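Data first, discussion second: the structure below is written as C-alpha cells.
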Amino acid sequence: QVNDGMGGLKTQVSSLLPSFKTMAIAGAAAFGAVAAFTTKAVQAAMEDERSQALLAKQLQTTFGASDQLIQSTERLIAAQQLLTGESDTNLRSALGGLTRATGDYSKATGLLTLAQDISAATGADLTAVSISLGKASLGNFTALKKLGVPLDENVIKSKDFSKVLDTLNTTFAGASATAADTFGGRLKIIRGQFGEIVETIGAALLPYLDKFAKFLVDKVAPAVQRVTSVIGEDGLIAGFQQLILNLVVPEHRLFQHLET
C-alpha cells in the first residue's frame with residue numbers, strides 16, 4: 001500500500017511538472033519584461049535629465065539666465081512637444097544650438113518654430129535643420145541648400161538673413177501644425193506623451209540609482225584600486241588577501257547608504 005501511495009504521489013508530481021515549468025518560464029518572461037522596461041525608463045530619464053541640464057547651461061552661459069527663464073523655457077518645450085510630437089530632447093538640443101548661434105532668445109525660439117516647419121515639410125530631422133538655420137543666421141546658407149531648401153541665388157549672394165527668413169516663412173510656415181493634424185501626426189503626439197510617462201517612471205528611479213552609483217564610485221572603486229595596487233606590488237596572493245579584507249565590510253552599509 002505504501003508503494004502504491006508513493007507511486008500515486010510520484011504520478012501526481014510528474015503531472016504537475018509541466019505546470020511548474022510553464023510557471024517558471026512565464027515568471028522569467030515577466031521578470032525580463034519588467035527589467036527591460038525599467039532599463040528603458042531609466043535610460044530615457046537619463047537622456048531627459050542630460051538634455052535639460054545642457055539647455056539650462058547654455059541659457060545661463062548666453063543670457064546669464066535665471067531659474068525663472070529656465071523654467072519658462074521648459075514650459076515652452078513641453079508646449080511645443082504637445083503640439084508637434086517632437087521629442088523634448090530634440091527640441092532642447094535644437095534650441096540650445098540656435099541660442100549659441102544667435103545669442104538672442106527671441107530669435108532662437110522663433111527659429112525653433114521655423115525649424116520644426118522645415119523638418120515637417122522636407123522630412124529632414126530637426127537637429128540637422130536647426131544646425132543649418134544656426135549657420136544661416138551667421139551668413140552660411142550652404143547647409144540649408146544641402147537639405148533641399150529652395151533659396152533664391154540673389155538672396156544668398158546678398159547674405160541678408162532677414163530676406164532668407166522671409167522666404168523660408170513664406171514657403172514653410174504652418175507645416176508642422178498641418179502635419180500634426182493628421183492621423184500620423186496624432187500618433188506621433190501620443191507616442192511622445194507615452195514617452196513622457198516612461199521618463200517620469202525612470203526619473204523616480206534615478207535618485208536611488210544615483211546613490212548606488214555614488215556608493216560604487218566612492219567605496220567600491222577605491223577598494224578595487226587598492227586590490228590591483230597590492231597585486232602589482234606584492235603579488236596575487238597578497239591581492240586576494242586585500243580583497244578578502246575589503247569584503248569583510250558589513251553588507252548592511254550599502255543599504256544604509258541607499259536609504260540616506
Side-chain angles (χ1 to χ4, degrees), residues 43-44 47-56 58-59 62 72-153 155-156 159-199:
Q43 183 64 39
E47 292 175 359
D48 190 65
E49 181 185 47
R50 179 176 180 273
S51 69
Q52 286 188 48
L54 289 174
L55 178 56
Q58 187 60 58
L59 293 174
T62 306
S72 66
T73 301
E74 281 299 319
R75 289 193 292 271
L76 171 69
I77 295 294
Q80 289 291 313
Q81 182 184 28
L82 189 58
L83 285 173
T84 65
E86 188 66 58
S87 77
D88 52 5
T89 301
N90 288 345
L91 289 167
R92 291 189 192 102
S93 176
L95 183 56
L98 291 169
T99 298
R100 280 191 298 274
T102 64
D104 184 295
Y105 186 78
S106 180
K107 288 181 180 178
T109 53
L111 288 176
L112 178 63
T113 299
L114 178 58
Q116 291 180 86
D117 286 333
I118 296 173
S119 176
T122 63
D125 69 87
L126 181 63
T127 300
V129 175
S130 62
I131 290 173
S132 299
L133 281 176
K135 290 180 178 179
S137 71
L138 300 173
N140 182 353
F141 306 124
T142 303
L144 278 177
K145 291 186 65 177
K146 287 182 178 179
L147 288 178
V149 176
L151 290 175
D152 185 89
E153 287 298 326
V155 173
I156 293 175
K159 298 289 184 180
D160 189 337
F161 185 55
S162 63
K163 291 182 179 179
V164 171
L165 282 182
D166 289 340
T167 300
L168 295 176
N169 280 314
T170 300
T171 306
F172 298 108
S176 60
T178 300
D181 194 26
T182 63
F183 179 68
R186 294 185 187 96
L187 286 181
K188 183 179 179 181
I189 292 171
I190 291 171
R191 284 197 300 268
Q193 294 310 301
F194 273 115
E196 286 299 295
I197 294 173
V198 172
E199 285 180 5

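On a predicted model such as this, the values are computed, not experimentally measured, just so you know.
Closest non-hydrogen pair, Leu83 versus Ala180, comes out as O-CB, 3.2 Å. Of all the heavy atoms in Phe172 and Ala121, the pair that sits closest is CD2-CB, 3.5 Å. Contact record, Phe141 with Leu151: CB-CD1, 4.3 Å, taken as the closest heavy-atom pair. Pairing each heavy atom of Lys135 with each of Ala143, the nearest pair is CD-CB, 4.1 Å. Among all heavy-atom pairs drawn from Thr102 and Ser137, the shortest one is CG2-OG, 4.0 Å. Nearest heavy atom pair, residue Ala136 against residue Leu144, reads CB-CD1, 3.6 Å.
If you take CG on Asn90 and CD on Gln80, they are separated by 13.0 Å, rounding to the nearest 0.5 Å. Summarising the geometry, atom CD belonging to Gln52 is positioned 11.5 Å from atom OG1 belonging to Thr73; distances are rounded to the nearest 0.5 Å. Rounded to the nearest 0.5 angstrom, Asp88 CG and Leu76 CG are separated by 12.0 Å. Considering OG1 of Thr171 and CD1 of Ile118, their distance stands at 8.5 Å, rounded to 0.5 Å. Summarising the geometry, atom CG belonging to Asp125 is positioned 8.0 Å from atom OG belonging to Ser130; distances are rounded to the nearest 0.5 Å.
Ser93 contributes no side-chain N or O that, together with a main-chain N or O of Thr89, makes up a donor-acceptor pair within less than 3.5 Å. Remark: side-chain polar atoms of Thr182 are paired, donor with acceptor, to backbone N or O of Ala179 under 3.5 angstrom.
Just one residue in the list Asp117, Val149, Leu147 forms a side chain to side chain contact (heavy atoms under 4.5 Å, CB included) with Val129, and that residue is Leu147.
Applying the side chain to side chain donor-acceptor pair (under 3.5 Å) test to Asp160 and every residue at least two apart in sequence or in another chain returns Ser162.
Using a 3.5 Å distance cut-off with no hydrogens or angles, the side chains of Tyr105 and Thr62 do not pair a donor with an acceptor. Checking Glu86 against Gln116 by side-chain atom types alone, no donor-acceptor pair falls below 3.5 Å. Side-chain atoms of Thr99 and Gln58 include no donor-acceptor pair closer than 3.5 Å.
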- Derivation of the side-chain contact (heavy atoms from CB on, under 4.5 Å) call for Leu111 and Leu165: CA-CA 9 Å; Leu111 288 176; Leu165 282 182; 3.6 Å; yes
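For the pair Gln81 and Leu91, the minimum side-chain heavy-atom distance is below 4.5 Å. Within the 4.5 Å cutoff, no side-chain heavy atoms of Arg50 are placed close to those of Arg92.
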